[in-house]
Structure formats: C-alpha cells, structure tokens
Amino acid sequence: MAMRLQILGSGSAGNAALLQTEGARVLIDAGFSCRRLNELLRGAGTRLEEIDAVFLTHEHGDHAAGIEGFKRHPRAEIFANAATARAVQQKAGREATWRLFETGTTFRFRDLEVTSFSVPHDAQEPVGFRFAQGEDGDLFSPRRSLAWLTDLGHVPAHVHGHLRACDVVVVESNHCPKLLEADHRRPWSTKQRISGRHGHLSNADACELLAANAHAGWRRIFLTHLSRDCNSPEAVEAAFAGLRARLGSSCPVEIVSAGGGTAAWEW
Ligand SMILES: [Zn+2]
Ligand SMILES: [Zn+2]
C-alpha cells in the first residue's frame with residue numbers, strides 16, 4: 001500500500017477522511033461526534049483507538065466536532081495551528097494531545113510529509129493540506145501525494161502550486177449560485193457569507209481552479225463539501241462535464257454527495 005484514502009463523510013453535516021499509509025493511519029478533519037466517527041471508522045475496517053493522528057483544517061463544527069471525544073483516546077495526536085487549536089480547545093474543555101504547526105510549513109509525521117497552507121475562509125486560521133509519501137524514482141515506495149482543499153471563499157495564487165504538485169486532489173464544490181439564490185431557508189446574510197470571499201467555492205470556481213492546473217499526473221479528483229440544499233449532483237455534473245471529458249479515463253472525477261462518503265481508494 002502506498003496511500004489509501006476513504007472519505008467518511010462530506011458536507012455541512014460533517015467532514016472526515018481516513019488516510020492510511022504503511023506507517024500511519026490518520027484522519028483529515030473529525031467533524032462528527034466521536035460515536036458517529038467510530039461507526040464510520042468501523043465501516044472502514046478500523047476504530048477510533050487505532051487512529052494515530054488527526055489533521056485539522058479549521059475549528060468549525062463540521063470539521064472539528066469530534067475532537068472533544070479524543071481526550072479519551074490520548075494516543076491520537078491532534079495537529080492544528082495555534083489559532084485553530086485555541087478555538088477548538090475553548091469548546092472542548094479538557095486537553096487533547098495537541099501538536100502545533102505553523103501555517104505554511106512542512107513537517108513529518110511517521111512516513112507522511114505534511115504541508116499546510118492558508119486558505120481564505122471565515123475561521124481563525126483555516127488551512128488546506130498536502131500529504132506526501134515515498135520518493136520520486138523509488139521502485140518500492142514511489143512518491144504519492146494528496147491535496148486537501150475545502151472551505152475557501154476564493155483561490156489565492158499560492159494554492160495553485162499545491163494542486164499541481166499532487167496526484168490526487170480533494171476539492172470542495174460547495175454550491176450552485178442559482179440554487180443558492182433560489183434557496184428560501186437561508187437568510188440573505190448567510191447566503192452572502194457562503195458566496196463571499198471567505199465562504200465556499202461554487203461549482204464554477206472549483207472547476208475553474210482544476211482546469212487551470214490540470215496535468216497528466218493527476219490520478220483522481222474528488223469533489224466534496226456539496227451543499228445539500230444549494231447544490232445537486234446534477235448541477236455539479238453539468239459544471240464539470242467539459243473538464244471530465246478533458247481529463248479522460250486516466251483521471252476520474254468522483255462527486256461525493258452531501259452527507260455521503262466514498263469507498264477506500266488506493267494509489
Ligand atoms: Zn468552515
Ligand atoms: Zn465546512
């Protein structure tokens with residue numbers, strides 16, 4: 001196994017993914033209650049007690065709700081920048097096992113090389129991640145890498161390079177502007193927040209970002225964090241039809257439905 005990714009849940013009801021390598025079993029975000037997280041992990045063939053670390057993008061509940069329960073599993077190290085850790089800790093009460101990193105730096109956790117980078121979103125200090133493992137040219141452990149990018153209102157220039165450097169990309173495709181506009185359940189201010197510069201990427205935003213960085217080394221794209229009310233798989237499909245055709249069978253584009261997850265995928 002080089003890298004194995006399974007998205008356990010995606011969308012405003014909760015986000016978490018299980019990333020496994022030869023030497024590490026980690027979560028990217030933990031946006032479910034610990035009980036629910038454990039159910040999801042059991043479905044993926046593991047358990048909360050077997051998680052080595054959690055990498056947190058930001059403190060919003062749909063990404064960090066499970067951290068409180070990790071105090072019962074002190075074996076898991078919780079990686080976050082200081083601002084995010086502080087914000088989560090205020091809600092969580094008792095200490096978790098925090099490992100702080102500085103946004104923009106690269107560090108190692110077991111056989112994983114982890115890079116964080118800042119993204120614009122209405123949280124304390126939100127980040128995206130790049131996870132890599134192995135070395136270029138190594139026959140037994142060739143380099144594999146994953147870009148993780150959710151919860152951002154627009155795309156700063158530095159983000160492009162991270163996508164280009166990876167062979168698997170997870171990116172949010174949050175809303176369809178027409179469906180957001182037509183939504184009657186959200187107040188105007190919430191809609192402004194979602195579509196604003198510190199909110200979430202629309203289908204067109206995500207598609208434009210991918211189209212600008214597409215390269216032959218990409219193995220798979222996962223479109224995540226779909227809004228249940230203000231997006232639909234059909235709207236995403238329509239927005240990405242051109243890109244899907246361009247990427248062809250060498251790089252499938254998988255749409256992760258709101259509230260749903262994926263099967264484990266290994267590369
Ligand atoms: Zn958020
Ligand atoms: Zn979110």
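The figures that follow rest on heavy atoms only: side chains count, while hydrogens, waters and symmetry mates do not. Start at 1 and go down the list; that is how both ligands and their atoms are numbered. If you're wondering where the values come from, they're calculated on a predicted model, not measured in any experiment.
Because its NZ or CZ atom is both nearer than 6.0 Å to the ring centre of Trp265 and within 45° of the ring axis, Arg220 counts as a cation-pi partner of that residue.
His58 contributes NE2 and His121 contributes NE2; the angle these two atoms make at the Zn ion (ligand 1) is 100°, rounded to 10°.
The six-membered or imidazole ring of His225 lies near that of His63, with a centre-to-centre distance under 6.0 Å.
Atom CG of Leu27 sits about 10.0 Å away from atom CZ of Phe55, to the nearest 0.5 Å.
Checked against the Zn ion (ligand 2), the N, O or S atom of Asp62 at the shortest distance is OD2.
Side chain of Arg25 to main chain of Ala53: no donor-acceptor pair is present (N/O by atom type, distance under 3.5 Å, no hydrogens or angles).
At a threshold of 2.8 Å, the Zn ion (ligand 1) has a backbone or side-chain N, O or S atom of His60 nearer than that distance. Note on His225: counted as a metal contact of the Zn ion (ligand 2), an N/O/S atom lying under 2.8 Å. With 2.8 Å as the limit, Asp151 counts as an N, O or S neighbour of the Zn ion (ligand 1).
Under the ring-ring contact (aromatic ring centres under 6.0 Å, His included) test applied with Phe79, the options Phe131, Phe109, Phe129 reduce to a single match, Phe109.
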